[in-house]
Protein chains: 2
Amino acid sequence: MDVKRRLRSRGYRVTPQREAVLEVLRENEGVPLDPEAVFEFTRERYAGIGLATVYRTLELFCDLGLVLRVHLHEGSQHYEINTGKHHHHMVCVSCGSVEEFKGCVVDELEESIREDSDFVVTSHCLSLFGYCPACLPAR
Amino acid sequence: MDVKRRLRSRGYRVTPQREAVLEVLRENEGVPLDPEAVFEFTRERYAGIGLATVYRTLELFCDLGLVLRVHLHEGSQHYEINTGKHHHHMVCVSCGSVEEFKGCVVDELEESIREDSDFVVTSHCLSLFGYCPACLPAR
DNA sequence: ACTCCTATTGATAATTGCTCTCAATAACAC
DNA sequence: GTGTTATTGAGAGCAATTATCAATAGGAGT
């Protein structure tokens, strides 16, 4: 568990709240959660946690690179444990379910931009929208 | 001007507010504006317009396909006239300036997804983040 | 042009998602 | 243990957006 070390080496403290939030995110690998959902799940482990602490913790984990921000364009921000495996999401516009896919062609795109433009790309955000197998027949 | 026709054919009315908002967006082709900016610009043409009307009008124009939602992840939503020319944006994380680029590799990506998954992709959202030529030296 | 129906509007209240404030608490280095 | 100070929970505050509702005004029918 090098997370404790990573926190302490930067002057941050290891608290049961932070451990609980991290566990929740780890249990939901591949499933982007919004702060409210993280709050609810974490309360099952640490009943007294406050919503503000969840927000602060998610922000901190993002800074530390432990967690990734996921933009599903659904009103609220979503978060996911950073497994190191780069991927994006397909969002069903009908039921809201999220599926991940591994392929990402943006690296190639960044390459071509490096040639055509003076803009230096450091990160990107890509989401796909459509219909999941379950909702397709209805549409 | 087939916009009037497109509105009326769907049972919507042509109002000076809607015409003013559309003109503002047309004058700013390629420049994503947030609702507040649209509100300010539109007031120069139609002083009495209310903010709620701007929000409603932008929403309506999106439904009609006249306007596109642009996700710059900047707190507020942005909107842009739909010229039919597919493109995405590069956002400078330092000064916030937005540059558009035409190339989009996602069509290829959608292709490969069609083969690998049962998910049917109907649209996508892609934004690139980095540093514009002006901000690069400072970084 | 006049009338009527109803879509639309502006003002404002309400809601949502998130951040700030601050006194109390609890890590953890010593 | 003790002291310093990061962290916490509760609630106030804030910004973006949406809902409410009475008043207004398109525009189809006459």
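- Heavy-atom distances under 4.0 Å link DNA chain C to A:A52 of residues 39-53 of chain A, given in residue order.
- Of the listed nucleotides (D:dT7, C:dT6, C:dC18), D:dT7 has the atom at the smallest distance from the side chain of A:R13.
- Not one side-chain nitrogen or oxygen of A:T15 sits closer than 4.0 Å to the OP1 or OP2 atom of D:dA6.
- Atom pair A:L7:CG and C:dA29:C1' shows a separation of 17 Å (rounding to whole Å applied).
- For the helix from C:dA1-D:dT30 to C:dC30-D:dG1, the axis fitted to the five pairs at one end and the axis fitted to the five pairs at the other end meet at an angle of 40° (nearest 10 degrees).
- Summarising the geometry, the separation between CD on A:E36 and C1' on C:dT15 is reported as 13 Å, rounded to the nearest angstrom.
- There is a path of hydrophobic side-chain contacts, each under 4.5 Å, that joins B:Y46 to B:L25.
- In this structure, CG of B:L33 is placed 15 Å from P of D:dA16, rounded to the nearest angstrom.
- Minimum interatomic distance between A:L64 and A:R6 (heavy atoms only, all atoms of both residues): O-NH1, 3.0 Å.
- Contact annotation: B:R8 side-chain N/O to D:dG27 OP1/OP2 distance is under 4.0 Å.
- Taking atom CD of B:Q17 as the reference point, atom C1' of C:dG10 lies 9 Å away to the nearest angstrom.
- Take the nearest nucleotide of DNA chain D for B:Q77 and for B:Y12: the residue whose nucleotide is more 5' is B:Q77.
- In summary, B:E111 and B:R114 engage in a salt bridge, as defined by a charged side-chain N under 4.0 Å from a carboxylate O.
- B:R10 places its CZ atom 12 Å from the P atom of C:dT8, with the value rounded to the nearest Å.
- Taking side-chain N and O atoms only, A:R56 has no distance below 4.0 Å to OP1 or OP2 of D:dA6.
- Distance check: A:L66 CG to A:L58 CG gives 11.0 Å after rounding to the nearest 0.5 Å.
- Hydrophobic clustering, with ILVMFWY side chains joined whenever heavy atoms are under 4.5 angstrom apart, keeps B:L68 apart from B:Y55.
- Taking atom NE2 on B:H73 and atom P on C:dC18, their separation rounds to 13 Å, with Å as the unit.
- The existence of a salt bridge linking B:R56 and B:E59 is excluded, since no basic side-chain nitrogen approaches an acidic carboxylate oxygen closer than 4.0 Å.
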CA sep, side-chain torsions, deciding dist, call: B:H71, A:H71, ring pair (Phe, Tyr, Trp, His ring centres under 6.0 Å): CA-CA 9 Å; B:H71 294 275; A:H71 294 275; 8.6 Å; no
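- The pair A:K85-A:E100 does not count as a salt bridge, with every side-chain nitrogen at least 4.0 angstrom from each carboxylate oxygen.
- Here the C1' atom of nucleotide D:dA16 and the NE2 atom of B:H71 are 15 Å apart, to the nearest Å.
- Atoms CD (A:E59) and P (D:dT7) sit 14 Å apart, rounded to a whole Å.
- Using a 4.0 Å cut-off between charged side-chain N and carboxylate O, A:E40 and A:R43 make a salt bridge.
- For D:dT18, neither phosphate oxygen OP1 nor OP2 lies less than 4.0 angstrom from any side-chain nitrogen or oxygen of B:Y55.
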